[in-house]
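Let me begin by presenting the structure, written as structure tokens, before commenting on it.
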Amino acid sequence: MKAPGLLGTTWILFRKDLLLEWRSRSRINALVFFSLATLLLFSFALGPDTALLRRGAGGYLWLAVLLASVLSLGESFRVERENASLEGLRLVPAPARAIFLSKALANAVLLAILDVRVVLPLPTLLLILVLGSLAIAAPGTLHGAIASHARARDVLLPLLLFPILIPALVAAAKSTALVFDGDPMGQVDSWLGLLASFDLLYWALGFALFPRVIEE
């Protein structure tokens, strides 16, 4: 029987990750609760000034998603680490790049679902939510694999990830704010271009570097 190629293996592993999440649903429920709690804390901290809340809504949304994503990305390699499944996948052998693509896509889907559940599903926000989720998922998966080898993995992951994500978070927050507040100057396309460029760069880097990461 012919072994599946890169795309076939990616699809199989992607379905496996989503099936495990669907059966437990613990991670997505925790993400939604954490994000809502974070947004609620922001609203309490800023007080009853609705104009101020509206002006910063895009930033607060993506900060909540970023903080919640640390939970998701940290957990994405937990099952493989505890059951030595990653070593088993390498012995099959499953291409390391297929493991990266399946993990990153599964993380992106969970973050996109989180965005849609936290924010009203406005059609104009769909592209921003998808691009923003992809921007967090690719470097998050790569650095999640790096941090999974460390003892202080829960501390190491945000230290590695947060500085890298600054351009993507700024672009996502600015474009989201423009959608909420209106865009008379037509600036949203520039921010979306920056976000898409970030996605292309870090998905390419993750695809190229992930085999070296899991071989260490």
Side-chain angles (χ1 to χ4, degrees), residues 1-28 30-31 65-66 68-116 126-127 129-150 153-154 156-158 160-162 164-165 167-168 172 195-216:
M1 181 178 179
K2 184 179 179 181
L6 175 66
L7 294 180
T9 305
T10 299
W11 174 245
I12 292 170
L13 296 176
F14 174 70
R15 289 182 59 193
K16 181 266 294 182
D17 287 337
L18 289 187
L19 182 60
L20 289 175
E21 183 57 40
W22 175 256
R23 286 177 175 174
S24 67
R25 303 183 191 176
S26 58
R27 188 152 54 126
I28 188 63
L31 290 178
V65 171
L66 173 65
S69 71
V70 175
L71 298 176
S72 174
L73 297 167
E75 285 289 302
S76 62
F77 285 94
R78 181 183 58 82
V79 174
E80 281 78 2
R81 184 177 64 248
E82 292 179 351
N83 300 318
S85 300
L86 194 59
E87 288 77 7
L89 289 173
R90 296 294 291 138
L91 293 173
V92 171
R97 290 185 172 92
I99 299 173
F100 166 75
L101 289 175
S102 63
K103 285 287 184 188
L105 287 172
N107 285 327
V109 168
L110 289 178
L111 291 174
I113 292 173
L114 169 65
D115 289 340
V116 171
L126 180 60
L127 181 59
L129 299 182
V130 170
L131 291 177
S133 299
L134 291 172
I136 296 174
T141 301
L142 181 64
H143 288 90
I146 296 173
S148 68
H149 299 293
R153 62 183 66 91
D154 295 332
L156 183 60
L157 178 57
L160 292 173
L161 185 60
F162 286 1
I164 291 172
L165 288 178
L195 194 54
S197 299
F198 183 95
D199 290 350
L200 290 174
L201 174 62
Y202 277 95
W203 278 81
L205 284 175
F207 187 80
L209 297 178
F210 193 79
R212 297 289 299 274
V213 170
I214 64 172
E215 287 173 3
E216 295 295 332

Minimum heavy-atom distance between [X] and [Y], given as atom pair plus value:
{"X": "Ala208", "Y": "Arg97", "result": "O-NH2, 3.6 Å"}
{"X": "Ala137", "Y": "Ala104", "result": "CB-O, 3.3 Å"}
{"X": "Pro211", "Y": "Ala96", "result": "CA-CB, 3.6 Å"}
{"X": "Ser133", "Y": "Ala108", "result": "CB-O, 3.6 Å"}
{"X": "Pro139", "Y": "Leu134", "result": "CD-O, 4.5 Å"}

Determine whether [X] and [Y] make a side-chain contact, defined as any pair of heavy atoms from C-beta on separated by less than 4.5 Å.
{"X": "Leu142", "Y": "Tyr202", "answer": "no"}
{"X": "Phe198", "Y": "Leu165", "answer": "yes"}
{"X": "His143", "Y": "Ile146", "answer": "yes"}

**Q.** Short side-chain to backbone donor-acceptor contact, Ser102 and Ile99, under 3.5 Å
**A.** yes
(Q) I'd like to know if the side chain of Asp199 reaches the main chain of Ala135, judged simply by a donor and an acceptor atom lying under 3.5 Å from each other, with no hydrogens or angles considered. (A)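 Flag set: sc Asp199 to bb Ala135 pair under 3.5 Å.
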(Q) Is there a side-chain contact (heavy atoms from CB on, under 4.5 Å) between Val70 and Phe162? Walk through the geometry before answering. (A) CA-CA 10 Å; Val70 175; Phe162 286 1; 3.5 Å; yes
(Q) Walk me through whether Phe207 and Leu6 qualify under side-chain contact (heavy atoms from CB on, under 4.5 Å). (A) CA-CA 12 Å; Phe207 187 80; Leu6 175 66; 3.8 Å; yes
(Q) Walk me through whether Leu129 and Leu111 qualify under side-chain contact (heavy atoms from CB on, under 4.5 Å). (A) CA-CA 9 Å; Leu129 299 182; Leu111 291 174; over 6 Å; no
(Q) Going by the rule ring-ring contact (aromatic ring centres under 6.0 Å, His included), which residues pair with Phe100 if we only count those two or more places apart in sequence or in a different chain? (A) Trp203, Phe210
Q: Kindly indicate, with the supporting measurements, whether the criterion side-chain contact (heavy atoms from CB on, under 4.5 Å) is fulfilled by Leu13 and Lys103.
A: CA-CA 8 Å; Leu13 296 176; Lys103 285 287 184 188; over 6 Å; no
Rounded to the nearest 0.5 Å, how far does [atom2] of [Y] lie from [atom1] of [X]?
{"X": "Ser69", "Y": "Leu161", "atom1": "OG", "atom2": "CG", "result": "6.0 Å"}
{"X": "Trp11", "Y": "Leu101", "atom1": "CH2", "atom2": "CG", "result": "13.5 Å"}
{"X": "Ile164", "Y": "Ile136", "atom1": "CD1", "atom2": "CD1", "result": "12.5 Å"}

